[in-house]
Amino acid sequence: MKRSYYLLKKYWILSLASFSLVFLSIIPIRIAIASYQAPNPQVILTLGGGPEREKFTADFAQNHPNLDIWISSGILPAQAFAIFEEVSIPTERIHLDYRAVDTVTNFTTLVHDFHNRHIKHIYLITSDFHLPRAKTIATLVLGSQGITFTPISIPSKRPRESIFPIVRDSGRSLLWIVSGRTGASFNPRFRSPLYASK
């Protein structure tokens with residue numbers, strides 16, 4: 001009885017490990033296909049975190065006049081639109097989305113919008129200290145849906161984040177891939193979906 005339990009447990013662990021390996025190997029394949037289908041970014045995605053990110057995005061967007069701009073949970077709409085108006089970026093290019101409460105939900109709340117618009121490649125803009133975590137989550141969440149990204153770093157004076165939030169949010173991203181849930185409802189900042197337009 002004890003031996004059969006041990007063998008069953010061993011078989012279950014090996015099966016789970018094999019499934020995980022196969023499952024995770026699909027993501028790089030989907031990213032490679034997306035890169036082939038769309039070698040150049042089709043939209044700009046900026047992760048909110050302070051007005052310097054919208055200002056950087058406004059300058060960046062001037063050099064990419066054909067790309068729409070998506071801001072995930074950034075500054076207040078009036079402030080954001082004012083920054084883009086200052087450099088004559090039309091408001092119809094700007095999509096302000098306030099559903100995200102953290103970095104994981106920056107991606108999970110928008111990935112289906114991108115997928116439904118047949119977007120395969122995005123510019124991903126965030127601060128340099130935040131970029132390693134954002135890239136890890138983007139690889140898992142966007143990559144699992146067949147979307148690739150080109151990271152753009154905003155210089156800052158803040159130290160790079162520790163490994164802990166990267167590991168934690170990797171786990172949350174994998175949970176989302178498997179279950180469609182991120183655990184964001186436990187965040188005190190969690191709120192009902194909000195989308196701003198002018």
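Given the structure is predicted, the values throughout are model-derived calculations rather than measurements.
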(request) Assess the side chains of S73 and R99: does a donor N or O sit below 3.5 Å from an acceptor N or O? (result) no
*asked:* Does any part of the side chain of R172, heavy atoms only, come nearer than 4.5 Å to the side chain of D102, both counted from C-beta?
replied: yes
Inset, instruction - Run the ring-centre check on W70 versus F114 and record whether the distance is less than 6.0 Å. - result: yes
d(T46 OG1, H95 NE2) to nearest 0.5 Å is 12.0 Å
Q) What do you reckon, is CZ of R160 surrounded by more than 12 foreign heavy atoms closer than 6.0 Å? A) no
Residues pairing under ring-ring contact (aromatic ring centres under 6.0 Å, His included) where one sits in residues 129-149, two or more places apart or in two chains, turn out to be none
When rounded to the nearest 0.5 Å, the distance separating CD of E54 from CD1 of I75 is 4.0 Å
- Task: Decide yes or no for L47 and R53: does some side-chain heavy atom of the first lie under 4.5 Å from some side-chain heavy atom of the second?
- Result: yes
With a 4.5 Å cut-off on side-chain heavy atoms, are T57 and F84 touching?
yes
Worksheet item: Heavy-atom count around E92 CD within 6.0 Å, excluding the residue itself: above 12?
Response: yes
Flag for R30-S144: side-chain donor and acceptor within less than 3.5 Å:
no
To the nearest 0.5 Å, atom CG of L131 lies from atom CG of L124 at 6.5 Å
Determine whether T139 and T136 make a side-chain contact, defined as any pair of heavy atoms from C-beta on separated by less than 4.5 Å.
-> no
By ring pair (Phe, Tyr, Trp, His ring centres under 6.0 Å), F60 pairs with (sequence neighbours left out) H64, Y123
Heavy atoms of P65 and Q62 approach each other most closely as CD-O, 3.9 Å
Hey, any chance V87 and I94 share a hydrophobic cluster, counting ILVMFWY side chains that come within less than 4.5 Å of each other, even indirectly? yes
Quiz item: Within a strict 4.5 Å, meaning less than it, do heavy atoms of the F107 and S173 side chains meet?
Solution: no
| task | Group every Ile, Leu, Val, Met, Phe, Trp and Tyr by side-chain heavy-atom contacts under 4.5 Å, then state whether L96 and L67 land in the same group. | result | yes
T109 meets the side chain to side chain donor-acceptor pair (under 3.5 Å) criterion, sequence neighbours left out, with none
| request: Would you indicate whether the side-chain heavy atoms of Q37 and H121 approach each other to under 4.5 Å? | output: no
State, yes or no, whether a side-chain contact exists between T126 and T103 at a heavy-atom distance under 4.5 Å.
-> no
**Prompt:** Does a salt bridge link D68 with R117, judged by any charged N lying under 4.0 Å from a carboxylate O?
**Reply:** no
Exam field: side chain D128 to backbone S153, donor-acceptor pair closer than 3.5 Å:
no
Distance col, row R168:CZ vs R133:CZ, nearest 0.5 angstrom, shows 5.5 Å
*asked:* Is it the case that the side chain of Y36 and the backbone of I31 share a donor-acceptor pair, with hydrogens and angles ignored and the cut-off at 3.5 Å?
replied: no
TODO: Group every Ile, Leu, Val, Met, Phe, Trp and Tyr by side-chain heavy-atom contacts under 4.5 Å, then state whether V111 and I119 land in the same group.
DONE: yes
OG of S72 to CG of D97, rounded to nearest 0.5 Å, is 5.5 Å
- Should I137 and I166 be counted in the same cluster of Ile, Leu, Val, Met, Phe, Trp and Tyr side chains packed under 4.5 Å apart? no
Please answer whether the main-chain N or O of K120 pairs with a side-chain N or O of Q42 as donor and acceptor at a distance below 3.5 Å. yes
Output for pair (T91 OG1, I69 CD1), nearest 0.5 Å, gives 10.5 Å
- Give a yes or no on whether F81 and Y98 share a hydrophobic cluster (residues Ile, Leu, Val, Met, Phe, Trp, Tyr; joining criterion: side-chain heavy atoms under 4.5 Å apart). yes
Heavy atoms of A58 and I83 approach each other most closely as CB-CG2, 3.9 Å
